[in-house]
Amino acid sequence: MADQRRLDQFSANSRKLEAEKASSNNDPKPRKKGRESLQRAVVDPEQLPPSYLVSASYDGSKGVASIKLYEPESKRIYIWRDKTGHKPYLLTNLSPFELDKLNGVKTHPSLENFEQIEKFDLLRDKTVTLTKVVAKDPLAIGGRPRGCLREIIPEEHGDITDSSQPQAEVWEAAIKYYQCYIYDRGLVPGMLYSVDNGELNSVVVKTAESAVERIKALFDDASAEEREYIERWARLLEYPAPSFRRVAFDIEVISPVATRVPDPREALYPVVCASFVSTDGDDEVLLLRRRGVRNGAEKLPPSVKVRYFDAEEELLKAVFSFLRAYAFVITFNGDDFDLRYLARRAERLGIPRSGIPIEVGRRVSLLKNSVHIDLYKFFYNRSIQIYAFSNRYRDVTLDDLGKALVDLPKIGLDKPISDLNYSELAHYCLRDAEIAFKLTAFDQDLTMKLILVLARISKMPMEDVSRQGVSRWIRNFLQFEHRRQNMLIPNSSDILALKGKTATTATIKGKKYKGAIVVEPVPGVHFNVAVMDFPSLYPSIIKVWNLGYQTIRCPHEECKRDAIPNTPHWVCHKQKAMESLLIGSLRDLRVKWYKAAAKNPKLQVGVRNWYNAIQSALKVILNASYGVFGAESFDLYCPPVAEATAAIGRHSIKLIVNKAKELGIEVLYGDTDSVFLKNPSEEQIKELAEWSEKELRMGLDVDKIYRYAVFSTRKKNYLGVLEDGSVDVKGLTGKKKHIPRFIKDAFDEMKGRLAKVRSAAEFETAKRDIKTTVLDRYMKLKRRRWDKLSDLAFHVVLGERLEHYKKTTPQHVRAARMLKKKGVELKAGDLISFVKTIKDPHVKPLEMVTDSEVDVDKYIAYLQSTFDQVLDALGLEFEEIIGLTKLERFM
DNA sequence: GCGGACTGCTTACCT
DNA sequence: ACAGGTAAGCAGTCCGCG
């Protein structure tokens, strides 16, 4: 780019100067004059030093794209609006001449012009000429239920032509305007941009050059094309994150009905408290004075400022000044509650719109001049939960997240909000803000860094990337790449029509195609077990086999010879699939650089930490990168790609198992991408890995070595003890979160005992201790001795709304319905705690049960089935342990 | 009318 | 709105049983 500027052109001095000039009369130093001096973000600066592009949107009032930039010196948000005249558009196969015949198009009030353009069509493997229909307003393209161009064009064209004429088709008409703007200008959210004389320019960063060179050196033997992709990703990932100036906040609202959460669409009741915890350290609690509320004795920490308000309106204004002062605002469920409520409440109290910095949408609530991150949405993301945080939190509640990630639980309440005195209310509310803040601050701002990395990879605003799922992230970086290379972004229906559906039969009824295989385990205790696996198997397959919607079942006759094992599909050998290059390069970067670098003690802590954020983000994306092709909701849905990936996976692991056997290694177990090898020699491991590299073109690593592993006959169920004494438990009931504490505690005791076993001989005493554990639990149940009923409760998630369960009534639903009768509100996702009882429905909610009702025999049966999964491998029998002879059991 | 074999539903897990 | 495979428990159904 000709207009690129270098970071080092800005001296420290000029940077300050520019910031001050841009902020006109405001003092850029936040601490001196306080927040009020920073009230509004600067709009349309003429000059701006290098700043992080954090967000993009459409400014309806000006009719242009609007960009939020975070300037890391002043730590403020600047808003830059497009001056290039970029306009929304769609593409169509109709010529301008044909379009002119369509009245609804020609007379469309928002139509700007037609322009003929060329694009490369990956599906048909040829260049196509299309018409770009440009409009003044994004809503004219799509987004309106009626009267938008993407609907008018096919409809009206169909009306005036017969079926022998080619159908009218439109492309790229459902892309959000600001994403379109990002793609067309090649902008990378999360990276540095400056504003010079009112123009937005990308800043070339030299800081990370040495790291980029080191990474490139790792890929000496890759093709030029692959190296190009690696380098592009590396440049974008290596540049470090800024410090994020931010505030977390929470509000409390009183409600006449204690069990009912006030409706934010109504906002009928007063906001009585708001708490703020920020990077500036000026933590503050705002309280509304009310009649009859007393001061409490407890004091807040001296660093926390408390302000009382007589008028709610003044309190709201104080809240808004906080929201305006910070570049990033953190909430937990702020989209649906806090911000929504505040906006509606402020409106109700007559605060003018210009005084409310919130933009309430249908599903989100954003801030006009800052970036709102709703942590509930982010942590709710299953991929984030599982792959970035390794399932460390279970429920997406502030309490569980706080406990699991930052060691800070919510404050428990034994009375409604309205009955709290000022001190209790302040403590309670402040704690919530504190947890939310810490969720973004732990591990050196890991959460913020994750969002930033994901924004860079996906080319999405930080607001969107933190709210949307992994399929959107993947879609967007693929769309970006299409635009970068002037390739037509296909319609989902075209991919499906040309590439078709799947051909294999799934094992599970209702699934679309066959998936992975699981090797039958060899039951028993095995010492010295090496687990070898293909790192990122599916992304590797996508890379090595050149998979993508373009290349699978390509139109070339010659390619049909390149068959994919166990499928009727073939893959192209003339063109490189974009998915293969993009996903493959991300995979290689993680496996060959970031994974190890995140743990490299030679690197500075800060760098290591940044690398850890990168490798986590990559893990999340890579883990989903195959599944999306099999998901109908994905815009590049291509069933044969997903099916081929899984088929090659089966093929690969089968070959590895056979080769291992051929090398004389006993294979104890395997699942999808792994093989468990019994006591293999160094030499055998080396040979297997080399064979895989040579024959399958995929690495096979030793993932871990178990001192010993315990298998039953069940797949996806085992226990392995590592050299350091830590224990992996997979799939066993004892690990599942729904089982009662009473059983789980016993299981954990057994686990702890097994961790200490170092040799076959040591098993004997361990077995004795385990027998004692089991017998003790059994006797306690038989004698009906448990500490508290909650220890006997099962905890099962209500997957659907209560009305959904029509075919059957599972126990947790039965319990839930009993609760509902008592007036408890329940929704999908709630956790139901219930106890098994003797009398008829055989279940009661924990809250409604008494000791005498407990069905002890059911619990004994559950204890047995939980332990059986391990005991039979150890040569023990539950019934023998509890003292039943074989004869007694028979009778 | 009751029990066993079976299927289907639901949840939680594994990769 | 990433995928498929496995385990487990329970609800509900069918069928045999003089």
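We use all heavy atoms of the structure for the numbers below, so side chains are in, but hydrogens, waters and symmetry mates are not. To find a chain, count down the sequence lines: A is the first, B the second, and so on, and within it residues start at 1.
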(Q) Is the terminal nitrogen or CZ of A/R475 (NZ for Lys, CZ for Arg) located under 6.0 angstrom from the six-membered ring centre of A/F634 and within 45° of that ring's axis? (A) no

(Q) If you assign each of A/Y805 and A/D673 to its closest nucleotide in DNA chain B, which residue comes earlier from the 5' end? (A) A/Y805

Q: Check whether any side-chain N or O of A/S471 sits under 4.0 Å from OP1 or OP2 of C/dC2, and answer yes or no.
A: yes

Q. Side-chain N or O of A/K807 less than 4.0 angstrom from OP1 or OP2 on B/dT7?
A. no

Q: Ignoring backbone atoms, test whether A/K511 places a side-chain nitrogen or oxygen under 4.0 Å from the OP1 or OP2 oxygen of C/dG4.
A: yes

Q: Verify the neighbour count for atom NZ of A/K715: are there more than 12 heavy atoms of other residues, nucleotides or ligands below 6.0 Å?
A: yes

Q | Side-chain N,O (A/K514) to OP1/OP2 (C/dA3) below 4.0 Å | A | no

Q.
For a quick test of reading the model: is some side-chain N or O of A/Q468 closer than 4.0 Å to OP1 or OP2 of C/dA1?
A. no

(Q) Regarding A/G515, tell me which of base, sugar-phosphate or nothing describes its non-hydrogen contacts under 4.0 Å with the strands shown. (A) sugar-phosphate

**Q.** Nearest-angstrom distance from the residue atom NZ of A/K730 to P of C/dA7
**A.** 16 Å

Q) Between A/Y706 and A/D728, do the side chains contain an N or O donor and an N or O acceptor separated by less than 3.5 Å? A) yes

Q.
So, does A/K715 get its side chain near the phosphate of C/dT6, meaning an N or O under 4.0 Å from OP1 or OP2?
A. yes

Q | Under 3.5 Å side-chain donor-acceptor pair for A/K836 and A/Q811 | A | yes

Q.
Heavy-atom count check: over 12 atoms from other residues, nucleotides or ligands less than 6.0 Å from A/Y380 OH?
A. no

Q. So, is A/R714 near the phosphate of B/dC14, with a side-chain N or O under 4.0 Å from OP1 or OP2?
A. no

Q) When the nearest nucleotide of DNA chain C is assigned to A/G627 and to A/A516 on a heavy-atom basis, which residue is associated with the more 5' position? A) A/G627

Q.
Taking only side-chain N and O atoms of A/S383, does any of them lie within less than 4.0 angstrom of OP1 or OP2 on C/dC2?
A. no

Q.
Any side-chain N or O of A/H812 below 4.0 angstrom from OP1/OP2 of B/dT10?
A. no

Q. A/N717 side chain: which of C/dG12, C/dA7, C/dG5 is closest?
A. C/dA7

Q. Across the strands shown, which category fits A/S633 at heavy-atom distances under 4.0 angstrom: base, sugar-phosphate, nothing?
A. base

(Q) Below the 4.0 Å mark, does C/dA8 have OP1 or OP2 next to a side-chain nitrogen or oxygen of A/S865? (A) no

